[in-house]
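Contents: one structure, followed by commentary.
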2 protein chains.
Amino acid sequence: MRKKVTLKQIAKELDVSISTVSKSLRDSPEISEDTRQKVQAFAKLYNYKPNLIALSLKNKKTKTIGVIIPEIVHHFFATVISGIEHVANEHGYNVIVTLSDESFDKEVINMEMLANGSIDGFIMSLSKETQHKKDFHHITEVINQGMPVVMFDRVTNDILCDKVIIDDNLAAYEAVRDLIDKGFKKIALITTVDYVSVGKLRTDGYIKALKTNNIAVDPKLILKIEDIDICEHQIEELINTNEIDAVFAVNELFAVTAIKAAKKINLKVPEDISVIGFTDGIISKYSSPSITTVSQNGIKMGGKAAKMLIERLESEEEEDEHYKTEVIETHLVVRESTPTL
Amino acid sequence: MRKKVTLKQIAKELDVSISTVSKSLRDSPEISEDTRQKVQAFAKLYNYKPNLIALSLKNKKTKTIGVIIPEIVHHFFATVISGIEHVANEHGYNVIVTLSDESFDKEVINMEMLANGSIDGFIMSLSKETQHKKDFHHITEVINQGMPVVMFDRVTNDILCDKVIIDDNLAAYEAVRDLIDKGFKKIALITTVDYVSVGKLRTDGYIKALKTNNIAVDPKLILKIEDIDICEHQIEELINTNEIDAVFAVNELFAVTAIKAAKKINLKVPEDISVIGFTDGIISKYSSPSITTVSQNGIKMGGKAAKMLIERLESEEEEDEHYKTEVIETHLVVRESTPTL
DNA sequence: GCACCAACCGAAAACGTTTGCGTGTTGAAA
DNA sequence: TTTCAACACGCAAACGTTTTCGGTTGGTGC
């Protein structure tokens, strides 16, 4: 077992000082051609690589980005991580991923853990519980310490920082308008409870689309789901007990569950009932019929967030205080769950 | 902006030495009750938390696990990460995730990056390219430096280390036997190219099941797919040009694509043709018909891998050299794509 | 009044780097 | 022969910890 070699060991072996070794490896003009080559050859032979922890301590930079997301077994968040990771890698950064499991406490713990020197900045999406409690002290704390934070998707206006979002309201509006344009009148909405920021925005977009097209908003057609694991029964009831033309669902799972419910009572999709979902994930693509959906490019979102964070990290401490909110464009991916006209 | 406070600052402020502060905070008996309380109160007031980088440097332990996987936008790998993360967190470890994108070079780069002090040990699954090249020098290198490695799912016998796998051969065998028991004779196989270790094992299991039941292995019924993104056409052709009772697919995507192909030529699933997949992911669950599949518990796998790694890390350098291979049990999740008898 | 022992605290080393500055040697110019 | 620049290298500090060892008090026992 050959342990990693350090400057000190090289110095001892070659009978020079540590600084000489360090300078040789960094091609300092202070060092003679002779010793430089000797040191470099030796270092290469022993496969010397500087210890990143020591560098982090010295430079007060870890070249590492901390990510906190609610869940990773979730296609959208996985794509975001993928986007973050790629951009981060291109710039020589590593990525530490932690999961809040939608829990406020875990979010706080992970944040405090990472804030103690392990990372240079955060990219995060709020947990449900945090959005519910509206308690963001852990985040402001970190920002006050001078550590940049970029929020994505589930964000809040209560915090000043860079953000990357999609226009949830507009995207929902356009999706519902598309249904209206196709002649549907009785359009149901399957959404989340209101404290989930993106759910609320999409709900608002749905309502706006109906109103601007002079369609009455029927509360019976709006289903707000608290726990995604037990949504099946509620969705079936919604579809069974109402005459519905079309369904707009704020995520993939609600959409595919709606389709299953419709099939169960022998309604054909899209002939008898149309469905539009949100988030272009695996389910929408491989469901049958495949699902028309609002695409929300997670890779782009993660990439953008990483880019913003790295730019801020490397802007020489300018402390802009001028925070930006980037909006990633969305578009409707038309598939089989809506009629082709 | 209140920067993080250090021992030195507290010491200066309270006019004591750094060591006194450190000892006070760690409740050393050397320190008088008086000063201890004073220091602790002050530290609490200024929310002192020790700098983890400094601790890492001193202790030569980072309390961080490095993970290298081929892809994260992939349900199985996401569940594994989830499993790793939870167990790691329970033991006070963080998780750095890097992606190889199925590329040998990226795998090597990420590995070398993390090996330079950032982590205490690795959990990894081989990239396709690495399995193809059979070049594992980067891994042996790391192991030789005394850093423990745990491999999962895509492993190799060429490396001695702890491993977590499922019995791919047996699982495939049992799945195919199940089809045979139901009376099917013309069972097609949709698998990967042979250098993907798990693909090969599952293929072998399929063949074994046929042979032990005296069914001839028909090469025309075996489709080996290189690139998952362009598998559709090949699968359609397989199903169109052969009389097939049933399909065994080595992953979800092949399974759902097979179902789509069957529907396209008006074959009903499971009435006309049955399908069994591998990996109990989102697609299998939400496809219609939902897909009977071999469940491969990623959470358990990741959790086990993390547990093994942490145990080795904390076994006081005993250097067992006694490597274990844990086999996670699988079972068939019966759904709609196979007949209920 | 002296020795000894707690009790309490500080100095310094160590982890592995980088870097400003000081110093010694060489050679050439005066 | 003296002087001085250029060159090559080493020292030491710094990043933030923990911990060993040593030192300074004060009190107690004789």
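The chains referred to below are lettered A, B, ... by the order of the sequence lines, with proteins before strands, and numbering in each begins at 1. Quick note: numbers below take in every heavy atom, side chains included, and nothing from hydrogens, waters or symmetry partners.
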Here the distance between atom C1' of D:dC15 and atom CG of B:L55, to the nearest Å, is 13 Å

Has A:K8 got a side-chain N or O lying under 4.0 Å from the OP1 or OP2 atom of C:dC15? yes

In whole angstroms, the gap separating P of C:dA7 from CD of B:E33 amounts to 14 Å

Taking D:dC9, D:dG16, C:dC9 as options, the one with an atom nearest any side-chain atom of A:L57 is D:dG16

*Pairing of B:E314 and B:K61 as salt bridge, 4.0 angstrom limit*: no

Distances under 3.5 Å between protein N/O atoms and the N/O atoms of nucleotides 21-27 of chain C, please, pair by pair.
unit_1 : atom_1 : unit_2 : atom_2 : d
C:dC21 : N4     : A:E30  : OE1    : 3.2

Report task. Answer yes if the ring centres of A:H138 and A:F104 are under 6.0 angstrom apart, and no otherwise. Result -> yes

Residues passing the side-chain hydrogen bond (donor to acceptor under 3.5 Å, both in side chains) test with B:K300, sequence neighbours excluded, are B:E329

When rounded to whole Å, the NZ to P distance for the pair B:K61 and D:dG16 reads 24 Å

Within the structure shown, what part of the strands sits under 4.0 Å from A:L7 by heavy-atom distance: base, sugar-phosphate, or nothing?
base

_Side chains of A:S32 and A:T35: any donor to acceptor distance under 3.5 Å?_
yes

Taken in chain and number order and not counting sequence neighbours, the residues that satisfy salt bridge (charged side-chain N to carboxylate O under 4.0 Å, His left out) with A:E71 are none

Sorted by chain and residue number, the salt bridge (charged side-chain N to carboxylate O under 4.0 Å, His left out) partners of B:K163 (sequence neighbours excluded) come out as none

B:L25 CG to D:dT18 P, in whole Å, measures 8 Å

Q. Thinking salt bridges, do B:D162 and B:K324 make one under a 4.0 Å N-O criterion?
A. no

**Message:** Regarding B:K58, tell me which of base, sugar-phosphate or nothing describes its non-hydrogen contacts under 4.0 Å with the strands shown.
**Reply:** base

Per the under-4.0 Å heavy-atom filter, residues of residues 10-22 of chain B near DNA chain D come out as B:I18, B:S19, B:S22

Across all chains, not counting sequence neighbours, the salt bridge (charged side-chain N to carboxylate O under 4.0 Å, His left out) partners of A:D153 are none

Bend of the helix from C:dG1-D:dC30 to C:dA30-D:dT1 from end-axis comparison, five pairs per end, nearest 10°, comes to 90°

Any side-chain N or O of A:T35 less than 4.0 Å from the OP1 or OP2 oxygen of D:dC9?
yes

B:E30 meets the salt bridge (charged side-chain N to carboxylate O under 4.0 Å, His left out) criterion, sequence neighbours left out, with B:K23

Atom NZ of A:K4 and atom C1' of C:dT17 are separated, to the nearest Å, by 15 Å

task: State whether the side chain of A:S125 and the backbone N or O of A:F152 hold a donor-acceptor pair below 3.5 Å, judged by distance alone.
output: yes

Numerically ordered, the residues 110-122 of chain B set in heavy-atom contact under 4.0 Å with DNA chain D is none

Sorted by chain and number, sequence neighbours left out, ring-ring contact (aromatic ring centres under 6.0 Å, His included) with A:H86 holds for none

So the salt bridge (charged side-chain N to carboxylate O under 4.0 Å, His left out) pairs with at least one residue in residues 112-139 of chain B (sequence neighbours excluded) are none

Side-chain donor/acceptor pairs under 3.5 Å, residues 37-46 of chain A, sequence neighbours excluded:
unit_1 : atom_1 : unit_2 : atom_2 : d
A:Q37  : NE2    : A:E33  : OE2    : 2.9
A:Q40  : NE2    : A:S24  : O      : 3.1
A:Q40  : NE2    : A:D27  : OD1    : 2.8

In whole angstroms, the gap separating C1' of D:dG26 from CG of B:D34 amounts to 16 Å

A:I31 CD1 to D:dA6 C1', in whole Å, measures 14 Å

note: B:R36, atom CZ; C:dC9, atom P; distance rounded to Å ~ 11 Å

Practice problem: State whether B:K60 places a side-chain N or O below 4.0 Å from either non-bridging phosphate oxygen (OP1 or OP2) of C:dA14. | Solution: no

Subject >> A:S82 versus A:T79, side-chain donor and acceptor atoms under 3.5 Å >> reply: no

